[in-house]
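Chain A is the first sequence line, chain B the second, and so forth, proteins listed ahead of strands; every chain is numbered from 1. Every heavy atom of this structure was used, including side-chain atoms; hydrogens, water molecules and symmetry mates were not. If you're wondering where the values come from, they're calculated on a predicted model, not measured in any experiment.
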Amino acid sequence: MISLDYLLAALVLVAVQLRICAPLMTRRTRAVLAVLVFVWAMLPWPWGLAGWLLSYLAGFSIATGLLALLAIQHRIVGHYWLPVGQLRAVCIMLVLMALWFYPMSLGSSYVDPYALGFGNFGFATVLLLVGLFAWVCRAYATCVVLVLVQGAFALDLLHTDNLWDYLMDPWLVCWALGWLIRDRILAAGARLPEEEGEPAAPAQDCPLAARAEGQ
Amino acid sequence: MGRIIHLLIGAALVAAYFWATPAHLWQAPPLLKPAPQGRMPASDHWRMTFASDADTTMVHAASMVELPDGRLRAFWFAGSREGASDVAIHSALFDPRNGSWADEHVAVTREQIADQWGRYVRKLGNAVPVLDDNGHMRLFVVAVSFGGWAASRLVVLGSDDLGTSWQFEDALTTSPFMNISTLVKAPPIRYSDGTVGLPVYHEMLGKFGEILRLDPQNHILGKARIGHGRKAIQPLVLVDSPTHAAAFLRNEQRPNNGHLYQSHSVNGGWDWQPLTYSRLTNPSSALGGVVIAPGHWLLATNCNTEERDDLCIRETRDGGASWTPRWFFHNRQAWRDDQMQPRPFLNMIDNELDKTVQVDNPARYLDRVRENKCRRGECTFQYDYPYMLRASNGDLHVLYTWNKAAIRHAWLRADGGGA
């Protein structure tokens, strides 16, 4: 059954393939291989990779799909579109939220945050407030992701009926955690020349816009 | 230009909020729909027969649904052993007019689900049917792509010919972590708006029960949790009134004190009280049950704290404050500590076969029991996984796993007549 879940899985596979191949191939070869992997992934089960991936990992969120798209664009075009400051803030938020969300949803208490995703005014309002905060901070990438996630949910584009599944998934959280660790390592490396006399980055008012430059 | 984009994005956020709010949130939550009140059958004469034909080595986890014409359709999983790749969902029809079961047949295979779903399916497990008001039948089946039962997912198959043929309809996403660890065992409950509540349970990191509220298109509209931690599975929900329901759950605590857990909801099943121990002893095995009238419930289960070597039906008339054993289908506790040799064991099984009507080939059933329950010269009894149904005419039906070799059917007629 070919669906948006299939497309997201195919995009994730292509993004991973490009990440692995990036240092080994020219941009043109990478792109050709990416197309081949995409086509292979999109073949119906049992021939396509996406069907097998989804058999084991279930589905990917819209946010993961958008991230995979950006990663593919970055590896093929060479330009990184997403502001790093926003990405950092979102990664921190994702990891912190996951620390609360997954244990509770998997039964550690009577409270079930996952149930809110099947329809809850409070949850929808919190998402709106997060979006408005990002909007005030002019963190438009976060706003666009939230709008697309909720739009996809309204159109019932994924197999799930839960808004959380459109918003995030465990693999996105793993990626965010990895990205933050890498970020800390790169920041620690950059601090050395700074201590040798280079100027520090200017402070920003809004957390989502902080350290938006660099990397 | 920048200002216009800024305003447009803000407007899009607000629009997305309203757009993504599910329609059912704007409606009042439905109430529970209790089954019509009935009376206890006048007779104590349960008629025993087999729903399965011993076509396969192993059978387990039967369920059933009443068809509009009063017949019953039963489902169970069957194969060479539990979890084997050849396990399929089998089905058979019972006609109360002549009191006989039609031949069992394979209803759904894992290959069929895999082909129609487009995902790898390694094995199948419990199946629970639902008959919608429009005559469409749905079968909720436990399907596993990798690992054991803890990695279970629920798939839905649909049938427009009352269960003769099936088509894959949907896979339910019920957990945020790889959508694994959701199983089904007990009968569904119904809401006033035509939606269905499917009691499910998780048994990976946590062991707890839940109720999924589903619309006829298999969309999950809500979820309510019964219990938490690693305590209890396989919730059986008994609906007493539009607002009150009781749930009984199999105790999975380690160490286990040998009592079923229970919980109550007084707001239509949306919130459940914390789990407490019931007065009902049980060796951590599955249970079935029906509501006769408000506070008058029957529960079919193993009635001791240790083994699945008995099977009884308990009755309460005061909403669970007190229980009495009403009928014992089996009671092999006296032989529990003995090392049962195959010969005396099979003699006793033969005796049970004698009390079962319409058995075509007793020797085959005997062979199946030996294959399943005798190991290295020692045999054990097993009567478990009861599924209970009160038919629209008041008859009581129980299906249960008989020594893993057959699905046995116990039938008590409401009019007191023998069958």
Side-chain angles (χ1 to χ4, degrees), chain A residues 1-3 6 44-46 48 51-52 54-59 101-103 105-115 117-121 124-125 127-128 131-132 134-135 138 140 143-144 146-156 158-166 168-170, chain B residues 5-6 9-10 12-25 114-122 145-146 151 153 168 170-181 202 204-208 210 212-213 218-231 271-272 274:
Chain A
M1 208 181 290
I2 306 293
S3 62
Y6 247 72
W45 191 85
W52 286 97
L54 292 172
S55 297
Y56 292 98
L57 305 187
F101 174 74
Y102 284 106
S105 297
L106 296 176
S108 69
S109 83
Y110 281 107
V111 180
D112 180 12
Y114 187 65
F118 291 114
N120 180 277
F121 281 120
T125 306
L127 268 190
L128 176 65
L132 290 176
W135 179 65
R138 295 182 184 269
Y140 294 134
C143 298
V144 168
L146 284 174
V147 169
L148 290 177
V149 161
Q150 291 179 95
F153 178 68
L155 293 171
D156 198 19
L158 298 182
H159 270 133
T160 176
D161 302 311
N162 195 298
L163 183 53
W164 282 108
D165 295 325
Y166 283 76
M168 61 191 267
D169 57 66
Chain B
I5 290 174
H6 181 70
I9 289 176
L13 279 168
V14 177
Y17 165 79
F18 286 103
W19 195 24
T21 304
H24 65 88
L25 274 189
D115 287 344
Q116 295 177 359
W117 182 18
R119 307 282 192 277
Y120 175 64
V121 177
R122 184 171 167 242
S145 291
F146 64 93
R153 293 168 182 152
F168 174 85
D170 213 339
L172 302 182
T173 304
T174 54
S175 160
F177 185 74
M178 298 167 70
N179 188 29
I180 54 173
S181 179
H202 295 255
M204 189 179 59
L205 297 174
K207 293 190 173 189
F208 53 95
E210 287 180 337
L212 302 176
R213 186 178 151 230
N218 303 313
H219 289 121
I220 301 175
L221 306 178
K223 187 156 79 87
R225 181 169 289 179
I226 313 172
H228 75 98
R230 292 181 63 78
K231 285 183 180 171
D271 297 291
W272 290 82

Residue pair A/Phe118, B/His219: steps toward the ring pair (Phe, Tyr, Trp, His ring centres under 6.0 Å) verdict = CA-CA 9 Å; A/Phe118 291 114; B/His219 289 121; over 10 Å; no
Check whether any side-chain heavy atom of A/Tyr56 lies under 4.5 Å from a side-chain heavy atom of B/Met178, and answer yes or no.
-> no
Under 4.5 Å from a heavy atom of chain B, the part of A/Tyr166 involved | neither
What is the distance from atom OG of A/Ser55 to atom CZ of B/Arg153, rounded to the nearest 0.5 Å?
-> 7.5 Å
Let me know if A/Asp156 has heavy atoms under 4.5 Å from chain B in its side chain, its backbone, both or neither.
-> side chain
So what's closer than 4.5 Å to chain B heavy atoms on A/Val111: side chain, backbone, both or neither?
-> backbone
Backbone of B/His6 reached by a side-chain donor or acceptor of A/Trp135 within 3.5 Å = yes
To the nearest 0.5 Å, what is the distance between CD1 (B/Ile9) and CG (A/Leu132)?
-> 12.0 Å
In Å, rounded to the nearest 0.5 Å, how long is the span from NE2 of B/His202 to CG of A/Leu106?
-> 8.5 Å
Under 4.5 Å from any heavy atom of chain B - which part of A/Leu163 = neither
Can you see which heavy atom on B/Asp170 is nearest to which on A/His159, and at what distance?
-> OD1-CD2, 4.2 Å
Which region of A/Trp164, side chain (C-beta onward) or backbone (N, CA, C, O), has a non-hydrogen atom less than 4.5 Å from a non-hydrogen atom of chain B, or is it both or neither?
-> neither
Under the 3.5 angstrom rule, does the side chain of B/Arg230 hit a backbone N or O of A/Gly107 as a donor-acceptor pair?
-> no
Taken to the nearest 0.5 Å, the spacing of B/Tyr17 OH from A/Leu146 CG works out to 14.0 Å
Name the member of A/Asn162, A/Leu155, A/Leu148, A/Val149 that forms the most heavy-atom pairs with chain B at distances under 4.5 Å.
-> A/Leu155
Specify the closest pair of heavy atoms between B/Ile220 and A/Asp161, including all atoms of both residues, with the distance to one decimal.
-> N-OD2, 2.8 Å
Taking the side chain as every heavy atom from C-beta outward, state whether A/Ser105 and B/Phe177 have any pair of such atoms under 4.5 Å apart.
-> no
Go through the atoms of A/Leu127 and report whether side chain, backbone, both or neither lie under 4.5 Å from a heavy atom of chain B.
-> neither
Residue part contacting chain B, namely of A/Asp165, when any heavy atom lies under 4.5 Å | side chain
Side chains of B/Thr173 and A/Tyr114: closer than 4.5 Å at any heavy-atom pair?
-> yes
Sort A/Ser108 into side chain, backbone, both or neither according to what part of it lies under 4.5 angstrom from a heavy atom of chain B.
-> backbone
When every non-hydrogen atom of B/Pro22 is compared with those of A/Gly119, the smallest separation belongs to CG-CA, 3.8 Å
How would you list, by chain and number, every residue that makes a ring-ring contact (aromatic ring centres under 6.0 Å, His included) with A/Tyr102, sequence neighbours excluded?
-> none
